[in-house]
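Structure first, then comments.
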Amino acid sequence: MWIQSTMVTYGPHAGVIETLSWVMFTGALLIFLLVMVLATLAIFAPDRMRGWMTGRNFIIGLGIVFPVVTLTALLVWGLTISRTLVTVENPALRIEVIGERWWWRVHYVDAEGQIRLVSANEIKIPTGRPIEFVLKTQDVIHSFWVPSLAGKLDMIPGRVNVTRFSAERPGIYRGQCAEYCGAQHALMAFYVVALTPDEFETWYAREATPPAEPVIPLLVRGKVLFRENGCGACHTVRGTSAGGLIGPDLTYVGARLSIAAGTYPTNVGTLAGWISSAQHLKPDNLMPSFGNLQGEELRAIAAYLESLK
Amino acid sequence: MGDTDFIRKSLFMVGGLLIWGAHFGLVYIFNAMACARHFAGLRYLGFGVVPLTVSVLTLVALAATIVVLLLAFWRRGPARALRDQKPVNDFMRYTTITVAALSLIAVAWNGIPALVVPPCGYALP
Amino acid sequence: MPNPAPRPEGELEELKRIWEPPKGIHFLSAVNNNYVGVWYVGTAFLFFVLAGALALIMRTQLAQPELRLIGHELYNQLFTMHGTIMMFLFAVPVVEALSVFLLPNMQAARDLPFPRLSAYAFWAYFFGGLAFFCSLFFGLAPNGGWFMYPPLTSYIYSPGINADFWLLGIGFIEISAIAGAIEIIVGVLKTRAPGQSLDKLPVYSWAMLVFALMVIVAFPAIIAATLLLELERAFHWPFFIAEKGGDPLLWQHLFWFFGHPEVYVIFLPAAGMVSMIVPAMAQTPLVGYRLVVLAVIGTGFLSFGLWVHHMFTTGLPQLSLSFFSAASMAVSIPSGIQVFAWIATIASGKVQNKTPTYFILGFLFIFVIGGLTGVMVAMVPFDWQAHDTYFIVAHFHYVLIGGMVFPMFAAFYYWAPTASQRPLSETLGKWAFWLIFIGVNVTFFTMHITGLMGMPRRTYTYIAEMGWGPFNLISTFGAYTIGAGVLVFLIDLAKNFRPYQGDLGNLWNAGTLEWLPSGNYQTRSIPVITSREPLWDQPNLSDDVEAGRYYLPGAQTGGRETIVTSPIDARPQYVLQIPGPSWRTVFAAFFTAAFFIGLTIKLYTPAFVCGVLAVVFVIWWLWDSDPGPAEVGEIEIGGGLKLPTYTTGPMNHSWWAMIILMIVAGMVFGCIVFSYFFLWTISPRTWPLSAAALPAIWWPIGAAALFVASSLLVWLAGRKLSLVPERSAWPTRIALVLAVPLFIGGIALEVLGQLETGLRPSESGYGAVVYTLASYQGFLVAVLAIMGLYTVVRSLAGCLNRVRRSTFDNTQLFWHYGVAQGLVALLIIHAFPRLLG
């Protein structure tokens, strides 16, 4: 269940912050108890037991000296943590993530900055190696956040933000937009799938090739309907005539965990439902509902998309 | 009369925090410029230009705050006006001193990060 | 004793008659702080209840995952309105309102120095606030979140007028807050009980002084920010559009330069109230008074070093963030000092088992937790996780509810007897306390966990698989418990609160002056103070005051009056003649609100008419405000002390108000100048690359010459005024009339020069900010033209001479300020690019 928790972490970046959190929670609890005990004594204790609390030294000791000492220690420790988090070694992989209303465009880029692979709403990464995330936005401010791996960083128009972090073990981690970005901010999530380096290389090589041509009649029909209904104006399926850039790339959409940016699991049913009533399932998102399609047509398109894996 | 006198005395009273504010603004602007205009990588006498400048500014600010504190303590300079042993003068003098002491902590804390943290972020690809 | 008792026959009756509020419907034209203060608090509390109701709708929607009770459209408007109303229409107004009510009482002044200004501030807020709230019923409420980040809120992504409601509505309500702050600063500094020197000033007065100064410095940033965003929305001046050399982060800097101090703006007055209530409840003076004052002053300053604290995840340079982390540590020291000072005070006395005590202890409990989580989020790495999650929602509700709402309820229960004939109920009060206290902790403590489990804020729904459902359900349950507590309080209020029918007297045996016996004229005579808790340390004080043995027992000028004192040691300086009830302020406020609302809903002609009417009513109201010396000349307030009834120059209360207004104008200007340099740092490519791209040098030189010439004329007008009173007033009038076109000519030259280069405000961030500097200067010129002509009219009406010259002095001060600002602007616009090139 806790695939989006700051306190159940699977990477060194989030792990260090988790440690910091536990230390601060413990410290805060102790200080809180101290203040409450003192307040209780101040109210209820017999006079002789609270005489020491009535002078200026009490205020200076607990209100000035004590915080100065503890906070200096905390400040220095916190700064040291900051330093380790922003001086990660050179990355093994660079991924550009672009915030859109209300989904995520994902580019795998090579050392020269050329786009090698395009995906959406799901990021596959190899474990154990730092990944560099280059964060941009297409429209308004978004914030890129995968709590179980690292803290968040905003995507701001006109600016490029860069962060590096890694996942320790293979697994599925959920991320979500953390900066309010309009109507469907609530349903703008994504998955990070960490694979072993070998698995990642295999996936990466296969993902770079176009999907196989459908042979089953239903899927063939789905592909035709996909084209005839103009889906390609907004979406790309590599190796086909669909080359639209407005919406998410659908080249291997069937292999992804979710559709509609982390909102629904990927299967024929949700895909069909999404195509026919996207405006009902995620109101005001930028994809129109294709309510004109017959059930059989929907099933064909959905099955075709689901087969892209 | 009496009223403009208040402005002078009260500005002296919060002198420590005014110095803190000036220091805070200067180090922030300097670092922002160093990163925006890409000169944070410069080095001088073996130190990075940002930590060096911030440290120098911090020492200057600490010294200035201590001067305010001592002037108030010895009733010199602007604190001459507080020489009368009236309770209100005592109060203003005490406040000048404690404000300066609080500022010393704040300025010192402000100086620490430059010694630990790198000035800017990752270079853009 | 300065005055012998018994007092002459009829003196008290006359005092009563003079301070009597108008009857019937005209009661609404009252301006005295006792009446306006109660309406003001009531209206602010109404907004608290309304915004709380909005929160309950949101909590209901979130009670279950994937609930479809309300859609995202309404939800997004609800959280925007909840935050906006709580911050701008409740928190700031209620602390100003309480001080309008309390401050004069606490300082034994008969009223605030500018009663009509506070009435104006109240009515403007009342009309504007209600109109703003009603936008919700038309689906036009803003939906960009209470901090309204562009580009989401700019014309491209928010084309409707929802965002304009926020910008115009809030910008305007901030003006009312600033009006209140000016009143409070002058009130604290100038209208105190004689002898109430700085070291004997109640902590609450200190807190309000620092509060008001913070408002003066911080609120102009939000006024400048809303101005820029409205210009971008209305005229497409690209301050925040990256492609055109703007930057969305400019908004965040300006907003949070206001927004972070805002938290302390809300907290300080509440802490000030706590520092008054704790000693009374424990029946012992506050321990560490001087340290607490230090804490109040320290908070005031240090809170300005925290604004980037809200921008830790924007990718600013790591070191820049760390400076703010360090300052956040520093600001927790003053809070620590105050908390332990209150505990020490409780320890040195015997605290009474009464409702105010409960709310104070509840405050301590909740606020300490909020403070501790505040230290956590000040740590940059922790904030990277916690930022914009429910952890933050929990944190700031702990700080604001703990730091402000609990002290407010304590204040209601504590000070109600000064306004009402009956105290509020102890039984209902304790019920309200326990419900609210438990409700707050159930709701918001749980939210810490929800946030750490990864739930972002401002989401109208969440999927069931995330496991956040049970936590949200608990929070919803808690929220309704708070609602029940507030309901109990409202019942208590309805049953027991009876204002305007006399008060109960010193119910708690408190030590400060607001507990002196009082009538509509406040205190019968104005006491001389020798202690911080005069009612404890000065025997018989109440009786002597009530018998009229102290200063100013009557109304010798025949009108409302109070003593003005010096700011450090509170020596009496003069007797201020205070204006009485008037409808003009009410109408001025109504038309000001109508002007802004008209602009928002794009009814430009009616808006313009209302704007003109607002100016007319303001001028009409001001007409009485410079009465000159009273006919009786100097008056004896008692003990042989003779005071003038009129002064000018740095002793005068309106001189102080003008100085503060200049600081406000200067801060707005400073924020625009900051925008200029900020945008230059971000995108130097849009700046003129050589002198050739700038207007020829003689344009600014001409403008500067005209500015200076206008200033000289105004100075000359003053000289002619002061030298020989018998001589004709025409030289003064002519000089003033001539100064106006010169000033206008100067700003016209600047604009023409820019236009001639082909620069247009909508083409780049540079163009936008250059024309904004000119427009702001133009606005000042327009205001000064009205002030200049108003002064001429005063002269023609025989209301201006060598002695009665406050109006002229204030115009002159502001004029010179305006010219100085214009010269600085010219220097920046024309010299800075040349220096670069």
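It should be emphasised that the depicted structure is a prediction, and the values quoted were computed from it without experimental measurement. First the proteins, then the strands, lettered A, B, ... as listed; each starts at 1.
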Exercise. Measuring heavy-atom distances to chain B, does Ile333(C) have an atom under 4.5 Å in its side chain, in its backbone, in both, or in neither?
Worked result: side chain

Exercise. Who among Leu291(C), Ile297(C), Thr647(C) has the most heavy-atom pairs with chain B under 4.5 Å?
Worked result: Ile297(C)

Exercise. Using non-hydrogen atoms only, which part of Val50(B) is less than 4.5 Å away from chain C: side chain, backbone, both, or neither?
Worked result: side chain

Exercise. Measuring heavy-atom distances to chain B, does Leu302(C) have an atom under 4.5 Å in its side chain, in its backbone, in both, or in neither?
Worked result: both

For this session: Give a yes or no answer on whether the side chain of Trp655(C) reaches the backbone of Asn810(C) with a donor-acceptor pair at less than 3.5 Å.
Result: no

Problem set entry | Contact winner vs chain C - Pro87(B), Ala32(B), Gly16(B), Ser10(B), heavy-atom pairs under 4.5 Å | Pro87(B)

Problem set entry | For chain B, the option from Pro334(C), Gly305(C), Ala327(C), Gly300(C) that forms the most heavy-atom pairs under 4.5 Å | Gly305(C)

Problem set entry | Backbone of Gln318(C) reached by a side-chain donor or acceptor of Ser322(C) within 3.5 Å | yes

Exercise. Which bit of Leu189(C) is near chain B, if near means a heavy-atom gap under 4.5 Å: side chain, backbone, both or neither?
Worked result: side chain

For this session: Would you please say whether a donor-acceptor pair under 3.5 Å links the side chains of Ser205(C) and Gln107(C)?
Result: yes

Problem set entry | Donor-acceptor pair, side chain of Trp206(C) and main chain of Leu198(C), under 3.5 angstrom | yes

Exercise. Applying a criterion of heavy atom separation less than 4.5 Å, what residues of residues 101-114 of chain B form contacts with chain C?
Worked result: Leu102(B), Ile105(B), Ala106(B), Trp109(B), Asn110(B), Pro113(B), Ala114(B)

Problem set entry | Side chain / backbone / both / neither for Val308(C) at chain B, heavy atoms under 4.5 Å | side chain

Problem set entry | Separation between CG of Leu209(C) and CG of Leu213(C), rounded to the nearest 0.5 Å | 5.0 Å

Exercise. Side chain, backbone, both or neither: which part of Phe677(C) has a heavy atom under 4.5 Å from chain B?
Worked result: neither

Seminar exercise, completed: Per-residue tally against chain B (heavy atom, under 4.5 Å) across Phe324(C), Phe304(C), Tyr289(C) peaks at Phe324(C)

Exercise. Between Trp680(C) and Phe832(C), how do the two ring planes meet: parallel, tilted or perpendicular, split at 30° and 60°?
Worked result: perpendicular

For this session: Return yes if a side-chain donor-acceptor contact under 3.5 Å exists between Gln338(C) and Ser275(C), otherwise no.
Result: no

Exercise. What orientation do Tyr574(C) and His653(C) show, parallel under 30°, tilted 30 to 60°, or perpendicular over 60°?
Worked result: tilted

Seminar exercise, completed: For Asp383(C) and His309(C), the nearest pair of non-hydrogen atoms, with its separation, is OD2-O, 4.2 Å

For this session: Residue by residue, scan residues 19-30 of chain B and write down, ordered by number, those that have a heavy-atom distance under 4.5 Å to chain C; if none do, write 'none'.
Result: Trp20(B), Phe24(B), Val27(B), Tyr28(B)

For this session: Considering non-hydrogen atoms only, spot the tightest contact between Asn31(B) and Ser320(C) and give its length.
Result: ND2-OG, 2.9 Å

Problem set entry | Partner residues of Asp247(C) under the side chain to side chain donor-acceptor pair (under 3.5 Å) criterion, sequence neighbours left out | Arg159(A)

Problem set entry | Donor-acceptor pair, side chain of Thr565(C) and main chain of Lys190(C), under 3.5 angstrom | yes

Problem set entry | Intermediate values then yes/no, side chain to side chain donor-acceptor pair (under 3.5 Å), Gln538(C) and Ser531(C) | CA-CA 8 Å; Gln538(C) 293 175 238; Ser531(C) 147; 5.2 Å; no

For this session: Only pairs at least two apart or in different chains count here, so list each side-chain hydrogen bond (donor to acceptor under 3.5 Å, both in side chains) that has a residue in residues 36-55 of chain B.
Result: none

